[in-house]
Protein chains: 2
Amino acid sequence: MSQADDASAEMPDLIVPERASGYVKGNETREAILRTALSILIEEGWQAMSMRRVATDCGIKFGNLTYHYRTREDLVRELLDAVISSYEREFTTIVHRPDLSPEERLDRYCRLILDDIPSKKTTRFFPELWALSNHDPFVHDRMHELYARARAPLGGIIAEMRPDLSQEERDTLALFISFSMEGSTMFAGFEKPIVDRIALIKRIAIGSFVDLVRNYRSVGAE
Amino acid sequence: MSQADDASAEMPDLIVPERASGYVKGNETREAILRTALSILIEEGWQAMSMRRVATDCGIKFGNLTYHYRTREDLVRELLDAVISSYEREFTTIVHRPDLSPEERLDRYCRLILDDIPSKKTTRFFPELWALSNHDPFVHDRMHELYARARAPLGGIIAEMRPDLSQEERDTLALFISFSMEGSTMFAGFEKPIVDRIALIKRIAIGSFVDLVRNYRSVGAE
DNA sequence: ACATATTTAGGTCAGTTGACAAGTTTACCC
DNA sequence: GGGTAAACTTGTCAACTGACCTAAATATGT
């Protein structure tokens with residue numbers, strides 16, 4: 001369960017779209033390229049991730065890199081897609097346990113996300129993504145697509161707990177819970193000030209979310 | 001000059017440390033430089049904010065810019081400090097109203113922050129700051145210093161409401177409320193998907209926070 | 001008005017960047 | 001094994017970056 005340690009920070013999960021060329025070498029190289037690029041992005045940030053730097057760190061020639069990714073934007077797009085896809089997979093294969101009560105599943109969902117926050121990959125990657133999404137419509141759309149998908153199971157749980165609420169209210173509750181946890185990245189993330197208090201944070205957060213969904217009163221209701 | 005005018009029109013607040021040289025022209029120029037730099041940062045992101053670009057947009061010569069800020073890092077540091085200082089001032093001159101109940105002050109505090117989220121300056125600046133803080137210790141420390149200061153009044157309110165709690169628990173409650181609101185930036189910020197639901201967001205968030213502080217139970221207490 | 005410190009202009013410099021255009025080598029299929 | 005497409009190498013290109021340096025213009029205190 002502990003994602004903070006080991007090599008997961010340096011060799012993060014990546015879902016690389018295979019190119020149907022019949023050759024395997026190219027796909028391997030592309031995966032190596034994306035892994036290297038992500039590593040640089042995580043370790044040193046956006047500006048350090050130049051094409052030449054990626055090629056050098058990856059151990060391939062610059063020309064070879066430009067063969068696989070003709071422009072830098074091509075590389076960036078596929079990198080973001082690969083990383084985002086890995087999170088999608090992580091979040092869709094969960095909380096499908098009809099034996100648990102909605103409250104228990106809400107607890108597990110939040111715990112899963114909060115457990116992931118302190119990982120180096122998550123702490124470093126998402127702020128870069130947020131910043132980039134402010135200036136790149138493609139990144140913006142792709143990112144919110146991911147968030148909507150990651151939020152979906154939460155919406156389902158809330159719908160079970162509160163069938164009396166409107167769709168909009170349920171969606172907004174899910175959204176609030178979701179971005180509340182995202183906000184912890186800068187404080188409870190990797191090498192952040194309060195990593196030691198993360199257990200208490202989890203207790204407060206999850207308790208608050210469960211209470212919120214259970215006791216939320218609609219605008220009109222009195 | 002045109003860019004600088006745009007900048008001053010959209011984000012008036014910027015606290016530029018005056019350099020005690022007796023000359024006023026230089027201070028004016030430095031303010032114009034920082035305003036221009038912030039404008040570029042907000043409009044086009046980090047990498048677009050080169051020294052030459054700042055000089056051009058500011059309407060001054062490149063050499064003049066390098067006179068005022070010998071290196072790019074000097075410029076960046078003073079820019080971040082200037083912007084952060086403006087937020088500090090904004091957040092410390094509030095909620096000093098003994099006539100209001102703690103609950104009301106908590107409400108106002110949260111409302112103040114949430115009202116600021118959709119502004120272009122806040123939506124664009126902070127993600128850049130978060131990303132940068134992951135790779136620059138100076139930015140990291142300065143940022144968390146700001147957050148700690150902005151969180152202080154919240155801690156005071158919570159202390160009034162819950163004198164039974166330990167310092168750590170109160171601090172962590174304040175932290176949770178604080179970063180919960182920060183997380184809304186990517187979703188309820190400027191030109192973000194759900195700006196139209198922001199009223200409901202505020203209702204949910206503030207209601208949830210008030211309930212949390214009121215009803216939070218310590219770990220040991222049963 | 002003068003002397004002095006501050007501010008601005010102009011230019012040079014080496015280094016890096018991304019895109020591109022040839023080539024050569026390698027891997028795969030029949 | 002030979003043919004072909006993919007994978008890779010090598011080199012060039014213009015553009016841009018930040019740091020630096022010197023001289024001119026300007027503002028300030030007296």
Side-chain angles (χ1 to χ4, degrees), chain A residues 16-37 40-41 43-80 128 132 135-136 138-139, chain B residues 1 3-4 16-38 40-41 43-80 128 132 135-136 138-139:
Chain A
V16 184
E18 305 244 330
R19 228 163 266 186
S21 64
Y23 291 66
V24 303
K25 192 88 183 291
N27 286 327
E28 285 172 2
T29 302
R30 260 196 306 282
E31 179 165 346
I33 289 171
L34 295 182
R35 240 175 245 293
T36 305
I40 297 173
L41 182 68
E43 297 298 332
E44 298 177 50
W46 198 254
Q47 66 252 8
M49 206 192 83
S50 70
M51 296 287 273
R52 280 183 164 81
R53 173 72 189 282
V54 171
T56 304
D57 285 19
C58 193
I60 66 174
K61 298 299 176 183
F62 178 64
N64 192 14
L65 174 58
T66 65
Y67 164 75
H68 286 290
Y69 297 101
R70 229 166 57 77
T71 72
R72 184 184 140 97
E73 198 177 320
D74 290 339
L75 170 60
V76 169
R77 289 193 168 198
E78 195 153 313
L79 172 63
L80 295 185
E128 301 281 347
L132 202 60
H135 309 289
D136 185 323
F138 167 78
V139 175
Chain B
M1 261 306 198
Q3 282 277 353
V16 184
E18 304 244 330
R19 232 162 262 186
S21 64
Y23 292 68
V24 302
K25 194 87 183 292
N27 286 326
E28 286 171 3
T29 303
R30 259 195 305 282
E31 180 166 344
I33 289 171
L34 295 183
R35 242 175 243 294
T36 305
L38 178 57
I40 297 173
L41 181 68
E43 296 298 333
E44 299 176 50
W46 198 253
Q47 67 250 6
M49 205 192 83
S50 70
M51 295 288 273
R52 280 182 164 82
R53 173 71 190 282
V54 170
T56 304
D57 285 16
C58 193
I60 65 173
K61 298 299 176 183
F62 178 64
N64 191 12
L65 174 58
T66 64
Y67 162 74
H68 286 290
Y69 297 101
R70 226 167 58 77
T71 73
R72 184 184 141 93
E73 199 178 318
D74 289 338
L75 171 59
V76 169
R77 289 193 170 197
E78 195 153 312
L79 172 63
L80 295 185
E128 300 281 347
L132 201 60
H135 308 289
D136 185 323
F138 167 78
V139 176

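In what follows, every heavy atom counts, from backbone to side chain, and hydrogens, waters and symmetry copies are set aside.
For the pair A:Tyr67 and D:dA7, the criterion of a side-chain N or O lying under 4.0 Å from OP1 or OP2 is met. Residue A:His68 has a polar side-chain atom (N or O) positioned under 4.0 Å from OP1 or OP2 of D:dC8. Considering only side-chain N and O atoms, B:Thr29 lies under 4.0 angstrom from the phosphate OP1 or OP2 of C:dT8.
Counting heavy atoms from C-beta on, the side chains of B:Thr36 and B:Ile33 never come closer than 4.5 Å. A:Leu132 is listed as a side-chain neighbour of A:Leu80, based on a closest heavy-atom distance under 4.5 Å. Contact of the A:Ile40 side chain with the A:Val54 side chain is registered, since non-hydrogen atoms from C-beta on lie closer than 4.5 Å.
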Side-chain atoms of residues 57-64 of chain A: list all donor-acceptor pairs with protein atoms under 3.5 Å, sequence neighbours left out, distances to 0.1 Å.
unit_1: A:Asp57; atom_1: OD1; unit_2: A:Arg53; atom_2: NE; d: 3.2
unit_1: A:Asp57; atom_1: OD2; unit_2: A:Arg53; atom_2: NE; d: 3.0
unit_1: A:Asp57; atom_1: OD2; unit_2: A:Arg53; atom_2: NH2; d: 3.3

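Listed by chain and number, the residues in a salt bridge (Lys or Arg N to Asp or Glu O under 4.0 Å) with A:Arg70 amount to none (sequence neighbours excluded).
As a whole-Å value, the separation of A:Arg30 CZ from D:dA6 P is 11 Å. Atom pair A:Asn27:CG and D:dC8:P shows a separation of 10 Å (rounding to whole Å applied). Atom P of nucleotide D:dA6 and atom CZ of A:Arg19 are separated by 12 Å, given to the nearest angstrom. One interatomic measurement links the two molecules: CD of A:Glu18 to C1' of D:dA6, which rounds to 15 Å at whole-angstrom precision. For the pair B:Ile33 CD1 and C:dT7 P, the interatomic distance rounds to 11 Å; values are reported in whole Å.
Expressed to the nearest 0.5 Å, how far CG of A:Leu41 lies from CG of A:Leu34 amounts to 11.5 Å. Taking CG of B:Leu38 as the reference point, atom CG of B:Leu79 lies at 5.5 Å (rounded to 0.5 Å). With values rounded to the nearest 0.5 angstrom, A:Trp46 atom CH2 is found 8.0 Å from B:Gln47 atom CD. Interatomic distance, A:Glu18 CD to A:Tyr23 OH, rounded to the nearest 0.5 Å: 16.0 Å. Rounding to the nearest 0.5 Å places OH of B:Tyr69 at 6.5 Å from CG of B:Leu75. Atoms NZ and CZ, on A:Lys25 and A:Arg30 in that order, are 12.5 Å from each other to the nearest 0.5 Å.
Donor-acceptor pairing under 3.5 Å is recorded for the side chains of A:His135 and B:Glu128.
B:Arg72 contributes a side-chain N or O that, together with a main-chain N or O of B:Met49, makes up a donor-acceptor pair within less than 3.5 Å.
The two residues A:Leu65 and A:Met51 have their closest heavy-atom pair at CD2-O, 3.0 Å.
For the helix from C:dA1-D:dT30 to C:dC30-D:dG1, the angle separating the two terminal helix axes comes to 30°, with each axis derived from five pairs and the value rounded to 10°.
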Show each protein N/O and nucleotides 22-24 of chain D N/O combination with a separation under 3.5 Å, one pair to a line.
none

Protein and nucleotides 27-30 of chain C: nitrogen or oxygen contacts under 3.5 angstrom:
unit_1: C:dA27; atom_1: N3; unit_2: A:Tyr23; atom_2: OH; d: 3.2
unit_1: C:dC28; atom_1: OP1; unit_2: A:Val24; atom_2: N; d: 3.4

Strictly under 3.5 Å: I want the nitrogen or oxygen pairs between protein and nucleotides 16-21 of chain C, one per line.
unit_1: C:dT17; atom_1: OP1; unit_2: A:Ser50; atom_2: OG; d: 3.0
unit_1: C:dG18; atom_1: OP1; unit_2: A:Met51; atom_2: N; d: 3.3
unit_1: C:dG18; atom_1: OP2; unit_2: A:Met51; atom_2: N; d: 2.8
unit_1: C:dG18; atom_1: N7; unit_2: A:Arg52; atom_2: NH1; d: 2.2
unit_1: C:dG18; atom_1: O6; unit_2: A:Arg52; atom_2: NH2; d: 2.9
unit_1: C:dA19; atom_1: OP2; unit_2: A:Arg72; atom_2: N; d: 2.8
unit_1: C:dC20; atom_1: OP2; unit_2: A:Arg70; atom_2: NH1; d: 2.9

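Of the candidates D:dT9, D:dA6, C:dT7, the closest approach to any side-chain atom of A:Lys61 belongs to D:dT9.
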